[in-house]
Structures are given as C-alpha cells and as structure tokens.
Amino acid sequence: MTWSEMQPLLLQACVDTLYMVGWATAVAALGGLPLGVLLVLTDRGGMLRNGPVNRVVGALVNVGRSLPFVILLVALIPFTRLVVGTFIGPTAAIVPLAVGAVPFFARLVETALREVDRGLVEAAQAMGGGTGTVVCKVLLPQALPSLVAGLTTTVIVLIGYSAMAGVVGAGGLGDLAHTYGYQRFETALMLVTVAILIALVTLVQLVGDAAVRLLARRERGVR
Amino acid sequence: MITTTDLTKVYRTKDREVTALDGVNLHVREGEVYGVVGQSGAGKSSLIRCVNLLERPTSGTVTVAGQDLTALAGRGPRPSAALRAARSRIGMVFQHFNLLSSRTVQGNVELPLEILGVSRAARRRKALDLLDVVGLADRARAYPAQLSGGQKQRVGIARALAGDPKVLLSDEATSALDPETTGSVLQLLRDLNRQLGLTVLLITHEMDVVKSVCDSAALMRGGRVVESGTVPKLLATPGSELAATLFPVGGEPTAADGTVVDVTFQGEATGQPVVARLARTYNIDISILGAAMDTVGGRQTGRLRIALPGDYADNVVPVGFLREQGLTVDVVTAPGADRAGAAPRREGVR
C-alpha cells in the first residue's frame, strides 16, 4: 500500500477517533462529575450522608468499571439503538464509550474531591455556606488541578477503548491498525497508525499536564 | 453573648462512646475576650465547634446573641437556612487558617460575602477595607501560598469579619504560629475586640494567650469546665489552678520546718512594701523562694513565694495580716497544717 493510498484511510480514521473520543469525553465529564460529587456528598461524614444512595451509586459505578469494554460494546447494542437509532458506525460507538467512561471518571472525581482539606469545607460551613456553596466554591475549584488530570486520563483511556469500537464498525485508528494493518498484513500502515496513536496519546498527556501545571502554579502563587 | 447550657457531646463509634463534653455551662459576656484552656482531649475543640453547631451537641443548648442556635438547627445533618444565616453572623478563625489556595487573598475574604449575596462591587470594597484593617491591603492579589503564617491568619481574621459578626470564635488561631507572630495576631484580636466591640471566644492550650488578651478564662478537663471566671477574680481565688498555671512562681516549695505561702498581688497592691512590713510587724525572718511580675489581662500582677518560720499554727496571724492587706494567700506547704485544719493546695476546684 502506498502512502497516497494510506492517506485518505488515515485521515478518515483520525476524524472518526477524534469524533468518538471527543463526544464520549464530553458525556463522561458531564455525567461523571455529578456522580463523583454525589458519591462524596452521600458518603459517611459527607454533607448529604445517605447510605442507601451511596451504596447504590457506588455499586453501579463498580459494575460499570468492571465490565470489559468489548462486552459492554455488545451488551449495550439494544440501548444504543434506542438512543441513536443505529448500533453501527462511529456515532453508535459513542454510546458504549461514554457509558464506559462515566463511571471511570466518576471515581476519579470522587478521589480528587476527597483530597480537598476538610477544614476548607468546614470554613465554608462556618460562614453559613450550604451544600451548593461547598461544592461550587470549595470542592470543585480546590480540586480543579486533580480534576483536569483525571479528565486527561479519561481521554487516554477512551482513545484505547475506541480501538475496540471497530467491533461495531465504528472505524477509527485502532480499527484501522487491526483490520488493515494486522489482518491484511499491511505492516507499514499498522506502524503508521500506531505511531499516530502514540503521538495522539502523548499530545493529550502533554496538554493535560501543562493545564494541571498552570493551575497548580497559580495556586502556589507563581504567575 | 454566648451561653451554653448543660452542653454534652458524645461521639459514638461501633464499640465505644467517648464523652467529649460533659455538661458544659459557659457564659461569655458581650464585649469580652474569653479564653478556654485545657490540654488536648479536654473537649475545648468540641466546645467551640458546638457553639456554631459545626458539631451537633448531643444535648443542651447554645445561645448566641440571644438566639437559640440548637433550636434553629433543624433535623438531620443538613443545617437549616436559619442556622446558616445565624452562622454567617459568627466569625470563625482556624488553627490551620483554612484559606482556599485556589483564590487570591481578596477572593478568600470575599467568599463569605458571596454566600451572603453581596454584589461584586460591594464585595470588593468590603474585602479591601477589611484587608486594610488587618494590615494586608497590599497583598490583596497574592495567593495564600505566598504569605507567611501570620499573614495567612490575618487573612483568616479579615474573612471572619466579612459578615460583620458580633462574635468571633477562634479555634487555636495562634497555635501554628511562632511566638512573635502569635503576639501580633493576639494584639490584632484585642484591637478588634476593643474597636468593634467584638465578643471573642478563643480556645487555646497556651497559657500565654490567656495572660495577654483574655478578660475571662475557663479551664477544661475531661469534658467539663473545672474553673471559670474573670482573670482578676481567678488570680484572687486561693487554690485556683488556672491562676497557678497562668502565673507560676519559681522556687521549690520546700523549706525545712517552715511554712511556704504564695502571695498574689494585683493592681495597686503591687506598690506596697508588704514583705518588709510583715517582717517588721511580727519580727520574723522571711525568705523569698521565688517571685514573678507580669501584666495579666492588662493589670500589673505579682506573685511571691515566701517561707515563714515555724509550722502553720505559728503563722496564722502573719497569714491573716497578709490577707488583711487585700492579698491572695495560698498556703503551699505547712508542717502541722492538717492539724490546724487548713487545707493545703487542692487538686482542682470543681
């Protein structure tokens, strides 16, 4: 396969991967953030302590995280069809990707929020702040660097997951490496695809790290 | 201004119960600086955290500025809107400052105002005013990480004042600071108390804090207040443990067959030549074992440990003479004191 033959394939795969990962990340962030907050608030010693809710949400998150992604991809087919009208193609792959990433990010959010000094929560409460104040003005801003780091990790995991999305014909870089490169012995294509994946993951990590550093530096007061 | 009635707090864990507060009755008058001292585990921290109900008391009531907070609290762990409103009028400063590292100094001082729903322009003005009061107007745009411990606590104090509180709670506010900084932060609290008429309840394990700023003090042990009162009154109470720790006199309380007494002078009595007069009047030899002079609660106070010859029975008259001069006399050791029916230093006063 020549470079000119590879190019359109690679371009399409890149677009598909970015499309799937981008949307799945957005959903993971929007879904995982409130879930993580809920896990912290309803836990023992939390501001809205509620054992049953905490256990149910915790169990759901654990189930979501322990299912292998390939299984999730197939198991969710009926649900996917319900949501996007089809179960093949990149748009259909967004659903299982997001469903897999939401609990993953939720746990990272939970961990990040737990690291916020309890004294700060107490200070806000002593000022007359309620739950909303504590979450929006203390927990989330204080945990922001950790949250950004968590989101970076989530994006990278999603790039990995998206390689499996080929099972439902979603395309993307991982699928390209597998179907063309591996199964059709197009070693050159496989190597190029893998190189692009490595570059993509590295780029995401670098951008994420830079953002975390910027936020942390502001807190240390070095501008 | 702050009254607690039969306040108890019991922490329950799976296999045991810990009583942190065991029927605490505290009365802090308006405009005074009230210090609660005691060793760690005595219940001081639970007490101050019960005053704004950060910790729910197991039983008893807390009244701040005429408002029964325990009645406002509502059921369940969530504070009611009424309790939150009451809290916004009680300032609190913390041992570890508890400033948000993600906000500037000004942003930290604005936080309580945001909670109160004050407009952006008014918040900014108020925050800068308060930073001026605590002497940090030039650091408004700095982040807490760029400040020293003393500066951080000043920001903490400015933040606590943002809601125009009548009452300020100080939870070991100076315990993480070096002695010099402690002095300046205490001075600031004292100034605020005088200028704004702010009532201050502070807890501390440092006796020096009580000595330098408190009008009244209470000693806690095992979840109970074992002694309390105004500082001059405590110093004038024979056998007062607080007075003895506030104001230790050096010198071993041992005199071969002599009677050792501690004499406490306050106010104008410090100017009187009492010992000389005592020696002349009764023609006895007095040895001075230890002495200390200091300013306690803004009053010149002195303590003297002296040995009088002979056992207690021989010294009833000289001791009486000292008491007549308006001095507080504590008999530390006296051969034959039990026979004479006098109580030597008690273990503590309930």
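In what follows, every chain begins at residue 1, and chains take the letters A, B, ... in the order their sequences are listed.
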*So what's closer than 4.5 Å to chain A heavy atoms on B:P79: side chain, backbone, both or neither?*
neither

*Identify which part of B:L99 has an atom lying under 4.5 Å from any heavy atom of chain A, answering side chain, backbone, both or neither.*
backbone

*Side chains of B:E30 and B:T199: donor-acceptor distance under 3.5 Å anywhere?*
no

*Measure distances from B:R89 to the heavy atoms of chain A and classify the residue's part below 4.5 Å as side chain, backbone, both or neither.*
neither

*Which residue out of B:L54, B:L83, B:N98 racks up the most heavy-atom pairs below 4.5 Å with chain A?*
B:N98

*asked:* Please tell me whether B:H205 and B:Q39 have a donor and an acceptor in their side chains that are separated by less than 3.5 angstrom.
replied: no

*Side chains of B:S59 and B:T8: donor-acceptor distance under 3.5 Å anywhere?*
yes

*Above 12 or not: heavy atoms from other molecules or residues under 6.0 Å from CZ of A:F79?*
no

*Heavy-atom check, side chain of B:D129 versus side chain of B:D132, under 4.5 Å*: no

Please report, to 0.1 Å, the donor-acceptor pairs under 3.5 Å made by any side chain of residues 98-105 of chain A, with sequence neighbours excluded.
none

*Would the number of heavy atoms belonging to other residues, nucleotides or ligands and lying under 6.0 Å from CZ of A:R65 be above 12?*
yes

_Residue, of B:R103, B:M92, B:E114, that accumulates the most heavy atom pairs under 4.5 Å with chain A_ = B:E114

*Which residues in residues 19-50 of chain A have a heavy atom less than 4.5 Å from any heavy atom of chain B?*
A:M47, A:L48, A:R49

*Option in B:L147, B:L111, B:L116, B:L169 with maximal non-hydrogen atom pairs under 4.5 Å from chain A*: B:L111

*Could you verify whether a donor N or O on one side chain and an acceptor N or O on the other, from A:T152 and A:Q205, lie under 3.5 Å apart?*
no

*Take atom CZ in B:R78; do more than 12 heavy atoms of anything else shown fall under 6.0 Å from it?*
no

